[in-house]
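Since this is a predicted model, take the numbers as computed values, not measurements. Chain A is the first sequence line, chain B the second, and so forth, proteins listed ahead of strands; every chain is numbered from 1.
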2 protein chains.
Amino acid sequence: MQGWEAIRAEVLRRIRAREWPPGGLIPGEEALSEEFGVARATVNRALTALAEAGVIERKKRAGTRVAELPVRRARLDIPVIRLDVLARGLAYRFDLLADRMAPAPVPVTARLGLPEGAPMRYLETLHLAGGRPYVLESRWLNPAVLPEPAPDFARESVNEWLVMHVSLVSGDIAFTAEPASAREAEVLGVAPGTALLVAERTTQGTDAPVTFVRLAHAPGHRVQMAF
Amino acid sequence: MQGWEAIRAEVLRRIRAREWPPGGLIPGEEALSEEFGVARATVNRALTALAEAGVIERKKRAGTRVAELPVRRARLDIPVIRLDVLARGLAYRFDLLADRMAPAPVPVTARLGLPEGAPMRYLETLHLAGGRPYVLESRWLNPAVLPEPAPDFARESVNEWLVMHVSLVSGDIAFTAEPASAREAEVLGVAPGTALLVAERTTQGTDAPVTFVRLAHAPGHRVQMAF
DNA sequence: AAGTGGTCTAGACCACTAC
DNA sequence: TAGTGGTCTAGACCACTTA
């Protein structure tokens, strides 16, 4: 290992070895660049990487501190469902079960920051892998983000259309385990009450909220992340 | 917005606008730095950020391509359980339910890359939030990573001891929804079959596998991530 | 063999913020 | 107000990989 990665490793070693304790101030970039015999920019590269990893916290004028709680970060790649299925070596298909305008429920508008009872497009899509139910997608979509004429969501899945055509800026995703509702059980072909992995995702665009989606996964589904 | 972030934004705009289509080659750093009137290093900073975000793929000699599948990445901060509980404003406590040496089951040794039937330390910890069961932690720990004398896991939770004292290098985490087993139901105080959010984590150290842990969360638990 | 991205340097300016 | 990190520049060398 050479270059800025070597410096990152050495700084990380000192932190783990408690030479630089949690919450403590570490030497400035200038001092470190002298000690290691490299340019300040190289030290900056190493410290920037450690800051992104959550190991240190940097503030102008205040200097660089070792993070109090050593947080570990994992990265989740949120796939387009079709590609996720194909990557498992299964045939992909989807059914558009519902597509209508309706006043969005309060929890949805609240999370998206839209007025209560705002009319939104509700789309229910069942994604199938190898002919078997894979995910039930229940989506509330802000009609303001759609072009005229609107795309045909029976041909191209909403999921995919959004990824390709709307500049998604930020959002959050939450995972829970829930018993299958009567509707979910029927559509997914499982017994009511079966443990389902549910993902709820909220997405904001550049200038307007875009969508709220709930994904109920068939039993056995794993969401895998590396770190 | 100025500097490298402006360049990142402009490149991202061209990709979303299909000016540079998925899979297509984009101009080299040299060309872009001329067009934008900045140094090549500044363009490099912007493109490096986009590559980390998964928007583009860079290869030496081959140039920079727009990623075929627009993957969205979310970041999960894996918390120390005690701090997670305290952050929710609840009192934290844990009970060490089991602590023994035992031959590890095959799925565990296989995932960690240890020989079949290797003796490992098995620790079962119940974490409580506000006096109520929060997470049941079932852990297989490679005894080779422990110092002599071994720490007292009845005083300091394994979870926390590992984070503070072992240099964890890489690993993976998977989430599933599972019905509560008889044991889990009893310990967590729920009905058997209740939908539980389960996290399974494998961790490698610098020179040896460290641990495999299964976390069964009490009903209602949410794992939240931002992107 | 040649062109690309990855990295480093030495120097500089600036915004921010703790003091 | 002074010191820190954030950023930019112009130039350079190198490893890698594809043609």
- Item | Global bending angle along the helix from C:dA1-D:dT18 to C:dA18-D:dT1, which compares the axes of five pairs at either end, to 10 degrees | 10°

- Message: If I take atom CG from residue A:Leu136 and atom CG from residue A:Leu126, how far apart are they, to the nearest 0.5 angstrom?
- Response: 6.0 Å

- Euclidean distance, atom CZ of residue B:Arg45 to atom C1' of D:dC8 [Å, nearest integer]: 11 Å

- Task: Examine D:dG5: is either OP1 or OP2 under 4.0 Å from a nitrogen or oxygen in the side chain of A:Thr48? Give yes or no.
- Result: no

- Task: Could you check how far CD of B:Glu57 sits from C1' of D:dT17, rounded to whole Å?
- Result: 16 Å

- Note on the structure: Here the distance between atom P of D:dA15 and atom CZ of B:Arg58, to the nearest Å, is 19 Å

- Message: For C:dG5 and B:Asn44 - does any side-chain N or O of the residue sit under 4.0 Å from the phosphate oxygens OP1/OP2?
- Response: no

- Task: Please test A:Arg82 against A:Asp84 for salt bridge (charged side-chain N to carboxylate O under 4.0 Å, His left out), starting from the C-alpha separation and ending with a verdict.
- Result: CA-CA 5 Å; A:Arg82 177 176 63 85; A:Asp84 190 27; over 6 Å; no

- From B:Asn142 atom CG to B:Thr109 atom OG1, the distance as rounded to the nearest 0.5 Å: 11.5 Å

- Item | Between C1' of C:dC8 and CZ of A:Phe36, the distance in whole Å | 16 Å

- Geometric class of the A:Phe175/B:Phe175 ring pair [parallel <30°, tilted 30-60°, perpendicular >60°]: parallel

- Query: Once you round it to whole Å, what is the distance between P of D:dG6 and CD of A:Glu30?
  - Reply: 15 Å

- Message: Strictly below 4.0 Å: does A:Thr64 bring a side-chain N or O up to OP1 or OP2 of D:dG5?
- Response: yes

- Task: Check whether any side-chain heavy atom of B:Ile78 sits under 4.5 Å from a side-chain heavy atom of A:Phe227, and report yes or no.
- Result: yes

- Query: Side chains of B:Arg139 and B:Thr211: do they bring a donor and an acceptor to under 3.5 Å?
  - Reply: yes

- Whole-Å distance, B:Arg65 CZ to C:dG3 C1', equals 15 Å

- Considering only D:dC8, C:dT9, D:dG6, which nucleotide approaches the side chain of A:Val38 most closely? C:dT9

- Distance-only donor-acceptor check, side chains B:His217 and B:Tyr134, under 3.5 Å: no

- Considering only heavy atoms from C-beta outward, does the side chain of A:Val135 approach that of A:Val85 to under 4.5 Å? no

- Between A:Ser138 and A:Arg214, a side-chain donor and acceptor under 3.5 Å: no

- A:Ile56 CD1 to D:dT4 C1': how many Å, rounded? 13 Å

- Note on the structure: With B for base contact, S for sugar-phosphate-only contact and - for none (protein heavy atoms under 4.0 Å), nucleotides 11-19 of chain C reads -B--BSBBS

- Separation of A:Leu47 atom CG from C:dC8 atom P, in whole Å? 13 Å

